[in-house]
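Report on the structure given below.
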Amino acid sequence: AQSVTQPDIHITVSEGASLELRCNYSYGATPYLFWYVQSPGQGLQLLLKYFSGDTLVQGIKGFEAEFKRSQSSFNLRKPSVHWSDAAEYFCAALTDSWGKLQFGAGTQVVVTP
Amino acid sequence: GAVVSQHPSRVICKSGTSVKIECRSLDFQATTMFWYRQFPKQSLMLMATSNEGSKATYEQGVEKDKFLINHASLTLSTLTVTSAHPEDSSFYICSAREPLGGSTDTQYFGPGTRLTVL
């Protein structure tokens with residue numbers, strides 16, 4: 001079955017340290033992949049997306065993600081986190097031509113001083 | 001980017017009553033909108049796909065008679081939770097697809113509606 005897995009439910013990182021959030025997918029073909037961030041009281045915001053081409057994708061807020069077909073992964077990274085990066089992060093995959101998304105379980109990021 | 005609004009942001013109702021949630025695309029026309037449900041500390045679960053002018057397509061396990069969806073215009077979709085019960089309490093989120101060329105069009109999400117049924 002098609003699935004999106006985020007192995008880490010919760011990550012704590014110090015401000016200024018690097019951050020990597022893991023995402024694995026299980027699809028037959030190359031999926032269209034997304035990373036969204038959800039802050040309290042706000043809607044999901046798209047950080048970046050991968051459809052094809054360069055496997056290293058640059059997004060907003062200093063985030064980037066790398067698509068690795070061999071590992072079925074699409075991990076999100078940021079070199080230096082800010083306190084404002086504390087939020088819930090979701091990896092998602094496009095599942096059909098109508099635009100339906102399947103989301104991973106999410107990773108809660110806590111940033112400590 | 002495009003903006004999607006939801007109203008109300010939170011609602012508390014008595015068991016047995018119906019609640020309507022609105023989802024609006026403010027600066028673009030959305031031929032397709034999606035409704036999600038999110039339980040605390042959990043991911044978003046797609047409930048239904050709403051296409052303007054046609055009946056919504058519900059995901060397996062979602063009661064179409066309980067969760068009525070109407071997409072009467074290109075900027076408005078509504079979700080009505082009929083005869084709400086405490087187990088319907090949840091965070092409901094809509095998204096709207098900006099039609100630029102296909103299924104890979106960016107989806108914009110509303111801020112969500114917190115429903116509490118007493």
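Excluded from the calculations below are hydrogen atoms, water molecules and symmetry mates; all remaining heavy atoms, backbone and side chain alike, are included. Since the model is a prediction, treat every value here as computed from it, not as a measurement. Chain identifiers are assigned alphabetically (A, B, ...) following the order of the sequence lines, protein sequences preceding nucleic acid strands; residue numbering begins at 1 within each chain.
The number of heavy-atom neighbours closer than 6.0 Å to CG of B/Leu118, taken from other residues, nucleotides and ligands shown, is above 12. A 6.0 Å sphere centred on NE2 of B/His7 holds no more than 12 heavy atoms belonging to other residues, nucleotides or ligands.
The backbone N or O of B/Pro8 lies less than 3.5 Å from a partner atom in the side chain of B/Thr113, making a donor-acceptor pair. Looking at A/Ser14, its side chain never comes within 3.5 Å of a backbone N or O of A/Ala17 through a donor-acceptor pair.
For A/Ile9, no part lies near chain B; criterion is any non-hydrogen pair under 4.5 Å. The contact between A/Leu46 and chain B is made entirely by side chain atoms (from C-beta outward), counting heavy-atom distances below 4.5 Å. Heavy-atom distances place the side chain of B/Glu59, and not its backbone, under 4.5 Å from chain A. With a 4.5 Å cut-off on non-hydrogen atoms, A/Phe90 touches chain B through its side chain but not through its backbone. For chain B, no part of A/Gln45 is nearby; none of its heavy atoms comes within less than 4.5 Å.
Contact record, B/Leu26 with B/Ser5: CD2-OG, 3.7 Å, taken as the closest heavy-atom pair. Summarising the geometry of B/Cys13 relative to B/Leu115, their closest heavy-atom pair is SG-CD1, 4.0 Å, with the distance given to 0.1 Å.
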Show the numbers, then the answer: is there a side-chain hydrogen bond (donor to acceptor under 3.5 Å, both in side chains) between A/Ser73 and A/Asn24? CA-CA 4 Å; A/Ser73 68; A/Asn24 295 98; 5.0 Å; no
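Ring pair B/Tyr92/B/Phe67 is tilted by interplanar angle, where 30° to 60° counts as tilted.
Residues of residues 104-113 of chain A lying under 4.5 angstrom from chain B, judged on non-hydrogen atoms, are A/Gly104, A/Ala105 in numerical order.
The side-chain tip of A/Lys49 does not point at the ring of A/Phe34 from less than 6.0 angstrom away and within 45° of straight on.
For chain B, the option among A/Gln6, A/Lys100, A/Glu88 with the highest count of heavy-atom pairs below 4.5 Å is A/Lys100.
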